[in-house]
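Throughout, residue positions are numbered sequentially from 1 according to the sequence presented.
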Amino acid sequence: QVQLVESGGELVQAGGSLRLSCAASGRTFSSYAMGWFRQAPGKEREFVSAVSWSVSSQYYADSVKGRFTISRDNAKNAVYLQMNSLKPEDAAVYYCAAGESGVNMRARKWDYWGQGTQVTVSS
């Protein structure tokens, strides 16, 4: 199976920046889509961003567009999420995901998940 490990989550003040990393190991394919989801207490897991390995197309939720940037490094088997201008509502556990069927905004369509990394934003 594919294993995903997130890192980089921490406490940051509102307006600050943070960079999350996701390292993939095990079975990997250049055609896998990679994405980021987040889940706050009492809420459903929501789509944040995604990128296609084959085409390098980028997708963002409206709530983060213009503030977050997704990127990938195929040589390192890694995907990143640069988060700028953070807001208190961005606080959540952020999950890295890999999908065999391409980019999708629905969490249930993704095949592999990391354990998550906690992002806390203080006002």
Side-chain angles (χ1 to χ4, degrees):
Q1 69 276 7
V2 175
Q3 294 180 334
L4 305 173
V5 180
E6 305 95 334
S7 63
E10 61 183 75
L11 188 152
V12 62
Q13 291 188 355
S17 299
L18 205 58
R19 185 172 185 258
L20 305 183
S21 299
C22 174
S25 62
R27 186 184 299 108
T28 58
F29 299 94
S30 61
S31 60
Y32 270 28
M34 300 294 295
W36 290 95
F37 287 74
R38 67 187 182 187
Q39 187 167 22
K43 300 183 66 177
E44 295 182 344
R45 188 168 300 186
E46 66 173 343
F47 172 81
V48 176
S49 183
V51 60
S52 169
W53 286 113
S54 60
V55 185
S56 296
S57 298
Q58 299 176 7
Y59 306 85
Y60 299 94
D62 289 341
S63 59
V64 306
K65 190 174 181 64
R67 299 187 298 121
F68 291 9
T69 303
I70 191 170
S71 62
R72 62 173 172 83
D73 188 333
N74 289 335
K76 296 181 179 179
N77 247 8
V79 62
Y80 309 95
L81 185 67
Q82 178 67 47
M83 306 185 292
N84 298 326
S85 302
L86 283 163
K87 306 174 181 179
E89 48 264 46
D90 293 319
V93 176
Y94 282 71
Y95 297 90
C96 178
E100 298 178 353
S101 302
V103 170
N104 198 296
M105 293 185 179
R106 300 178 64 180
R108 59 160 42 190
K109 296 294 186 179
W110 295 76
D111 303 293
Y112 309 101
W113 295 88
Q115 296 286 355
T117 184
Q118 177 71 55
V119 173
T120 303
V121 184
S122 62
S123 60

If I take atom [atom1] from residue [X] and atom [atom2] from residue [Y], how far apart are they, to the nearest 0.5 angstrom?
X    : Y    : atom1 : atom2 : value
E46  : Q39  : CD    : CD    : 9.5 Å
S123 : L86  : OG    : CG    : 13.0 Å
L81  : T117 : CG    : OG1   : 11.0 Å
L20  : E10  : CG    : CD    : 9.5 Å

Please identify each residue that fulfils side-chain contact (heavy atoms from CB on, under 4.5 Å) with [X], with sequence neighbours left out.
X    : answer
D111 : E100
Q58  : V51, Y60, I70
A50  : F47, V103, W110
A23  : none

Which heavy atom of [X] sits nearest to which heavy atom of [Y], and what is that distance?
X    : Y    : value
V79  : W36  : O-CZ2, 3.9 Å
Y59  : S49  : O-OG, 2.9 Å
S17  : Q82  : CB-NE2, 4.0 Å
Y95  : G114 : CD2-O, 3.6 Å
G102 : A33  : C-CB, 3.5 Å
A91  : V121 : CB-N, 3.9 Å

Are [X] and [Y] connected, step by step, through hydrophobic side chains (Ile, Leu, Val, Met, Phe, Trp, Tyr) whose heavy atoms are closer than 4.5 Å?
X   : Y   : value
F37 : L4  : no
F68 : M34 : yes
V48 : V12 : yes
V5  : L18 : no

Qualifying salt bridge (charged side-chain N to carboxylate O under 4.0 Å, His left out) pairs, either residue in residues 80-93, two or more places apart: R38-D90, R67-D90
Does the S85 side chain pair with the main chain of G15, one donor and one acceptor, at a distance under 3.5 Å?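 Absent.
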For C96, is there any backbone N or O sitting under 3.5 Å from a side-chain donor or acceptor partner on E6?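 Flag set: sc E6 to bb C96 pair under 3.5 Å.
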Nonpolar side-chain network containing L11, other nodes, edges under 4.5 Å: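 Under the 4.5 Å side-chain rule, L11 groups with nothing.
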Flag if over 12 foreign heavy atoms under 6.0 Å of CD, Q118: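 Enclosed.
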